[in-house]
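A quick note: this is a predicted structure, and the numbers were derived from the prediction, not measured. Quick note: residue numbers are just sequence positions, from 1.
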Amino acid sequence: MKFHASNLPLLDWSGDALIIGLSEDALPLTGTLAELNSRVSGLLQDLIDDVEFTGKDGATAITRLGGGVGFRKLGLVGLGASNAMTAETLRRAAAAAARLAKKEKSAALGLSMPIVHNDPALTAQALAEGARLALHHDSRFKSEDKNGKATVEHIHLLGLADQESSLQTAQAICDGVILARELVSAPANIVTPETLAQTAQDIAAAHGLELEVLEQAQCEALGMGAYLGVARASDLPPKFIHLTYRPAGTPTRKLAIVGKGLTFDSGGLNIKGAGSGIEMMKIDMGGAAAMLGAAKAIAQLKPDAEVHFISAAAENMISGNAMRPGDILTASNGKTIEVNNTDAEGRLTLADALVFAEKLGVDAIVDLATLTGACIIALGDDIAGLFSENEELAGAIATAAKAAGEKFWRLPMEEKYFDGLKSIVADMKNTGPRPGGSITAALFLKQFVTTTPWVHLDVAGPVWTEKESGYNNPGGTGFGVRTLVQWVLGPS
Ligand code: BES
Ligand code: MN
Ligand code: ZN
């Protein structure tokens, strides 16, 4: 599928379907749209009347035309109130239009949408992102692809000539989101720690990044006892991934992005039982997937920040060699951990990954992790938890997330709750009481970061969706990639 930015007036465009974004206050029809209506013998007004189209956000309608213009079908997508319109409104509108065109078997789609925030570049990027992400379907594991038959081949963004560089930005970002979606959707017999390392290798080779993959022995030498405790029972060797993007010239900032990379989480000897969602635990590398997706996008967008992409990838399994509940592990910063629950494994892998990240001397660390079911209980499936004691960094991530249209909600790092992690025999336990479970998880991670500004993102809910919604399709969502890229690019 290809995007074309053009300044052709919509009356002169020819193709299969023209879809127009209409806000609630764009009715009754005036100007060009009134002219279009008369050219198509009033069919546009008929369509509006037939379905009582009011421009409500998310509403769609389409009709066949009998001539008068160069396209066969005319569609509408509602944008809600124009003063509430954001880039996210346009992403969703473009997604709705692309889905409609696909259903109508229209190969050439013309999109006529208003410019948001007086910013044609932002508008073009948002439209391209929404349409491309909505049209991405993953049929890698189907014997027959029932989705690919009718395809939208060309999307013409009308009134957005000269926005080619925004289209390239959108393409790079979507490449990253789609990579993350496919990594999350693939099962644990396909995506292993080795596959994650290989994916990092592919990105490094394609875009000239530096890659270091630490094998088990090297992690042992660095004292990564927490991480290796988790990896111990698996037949698959752990892979500690460290991918580095270095800009040309002196970097303005040095950043680290750390992703939880559990390619499968059985729970370990505290094994997840029936009804626990164990069959979904292939998604437990959603943080690492977002990290790799962001790397793929950032490698193409070439911002002036140096970025370290890190994941302590492993599989949490059971065997005669498994860590036992009650075992004491020593992390690479020397702290000792009593593992009172082997299913709280993500924080053990992140402990050593955060220590490694801080040793790089970066200005900020952001980690993403499908860390706790408790975060899903608190915020539901669509919103991720944001934890930080650094106002500036928390603000920068929140701003980036808002621009990206990804939802985060700040949760407190209530120091008193660390009492729940007190251990009689070691420096701390890895698991606290059930109440406030995502907060104690964040407080556990805090023991492994000293002074570097740090944000922890608990993305357990939004990395996966069961339903089609906006530009997401059922499966992995690629959540986090767009926020990370926006953060690294900086305020636009
Ligand atoms: N990977 C899970 C968290 C999770 C749950 C992610 C559901 C996505 C969907 C994590 O390793 C885990 O098992 N957490 C436990 C922690 C508990 C043992 C303290 C949980 O949330 O139940
Ligand atoms: Mn677990
Ligand atoms: Zn886990």
Inset, instruction - Kindly check if the number of other-residue, nucleotide or ligand heavy atoms within 6.0 Å of NZ (Lys359) is above 12? - result: yes
Inset, instruction - Compare all side-chain heavy atoms of Leu386 with those of Leu411 and state whether any distance is below 4.5 angstrom. - result: no
Inset, instruction - Would you kindly say whether Glu358 and Thr450 are connected by a side-chain donor-acceptor distance under 3.5 Å? - result: yes
Legend entry - Side-chain donor-acceptor contact under 3.5 Å, Gln216 with Tyr227: no
Legend entry - Note, Lys282 side chain near Trp464 side chain (heavy atom, < 4.5 Å): yes
Legend entry - Thr195 side chain to Thr192 side chain, donor-acceptor N/O pair below 3.5 angstrom: yes
Legend entry - Criterion ring pair (Phe, Tyr, Trp, His ring centres under 6.0 Å) on Phe408 and Phe387, from CA distance to verdict: CA-CA 10 Å; Phe408 292 86; Phe387 298 85; over 10 Å; no
Legend entry - Exercise: do Asp145 and Ser139 side chains pair donor with acceptor under 3.5 Å: yes
Inset, instruction - Determine yes or no for a side-chain-to-main-chain donor-acceptor pair under 3.5 angstrom, with Arg91 supplying the side chain and Ala404 the backbone. - result: yes
Inset, instruction - Go through the steps for His242 and Phe356 under the test ring pair (Phe, Tyr, Trp, His ring centres under 6.0 Å), then give the verdict. - result: CA-CA 10 Å; His242 176 205; Phe356 182 94; 5.2 Å; yes
Inset, instruction - Assess the side chains of Gln125 and Glu129: does a donor N or O sit below 3.5 Å from an acceptor N or O? - result: yes
Inset, instruction - Tell me, yes or no, whether the heavy-atom count around Arg434 atom CZ, taken from other residues, nucleotides or ligands under 6.0 Å, exceeds 12. - result: no
Inset, instruction - Indicate whether the side chain of Asp202 and that of Gln198 have a donor and an acceptor atom separated by less than 3.5 Å. - result: yes
Legend entry - Reported CG-to-CE distance for the pair Leu236 and Met317, which is rounded to 0.5 angstrom: 7.5 Å
Legend entry - Donor-acceptor contact below 3.5 Å, side chain Glu406 vs main chain Lys402: no
Inset, instruction - Just do the side chain to side chain contact (heavy atoms under 4.5 Å, CB included) check on Ile310 and Asp367 with the steps written out, would you? - result: CA-CA 9 Å; Ile310 296 160; Asp367 82 72; over 6 Å; no
Legend entry - Enclosure of Phe418 CZ (heavy-atom neighbours >12, cutoff 6.0 Å): yes
Legend entry - Polar side chain donor-acceptor pair, Arg324 to Asn270, under 3.5 angstrom: no
Inset, instruction - Describe, in one word, how the ring planes of Phe448 and Phe444 are oriented to each other, choosing from parallel (under 30°), tilted (30 to 60°) and perpendicular (over 60°). - result: tilted
Legend entry - Single hit among Ile283, Val191, Asn189, Ile278 for side chain to side chain contact (heavy atoms under 4.5 Å, CB included) with Phe264: Ile278
Inset, instruction - Taking atom types as modelled, find out whether Thr372 and Asp458 have a side-chain donor-acceptor pair closer than 3.5 angstrom. - result: yes
Legend entry - Pair Ser332-Asp352, side-chain donor/acceptor within less than 3.5 Å: yes
Legend entry - Asp427 side chain near Ile337 side chain, heavy-atom distance below 4.5 Å: no
Legend entry - 4.5 Å side-chain heavy-atom contact, Met85 and Leu90: yes
Inset, instruction - Kindly check if the number of other-residue, nucleotide or ligand heavy atoms within 6.0 Å of CG (Asp235) is above 12? - result: no
Legend entry - Check: Glu315/Thr263 side-chain N/O donor and acceptor closer than 3.5 Å: no
Inset, instruction - Flag yes if more than 12 heavy atoms outside Lys272 fall under 6.0 Å of its NZ atom; otherwise flag no. - result: yes
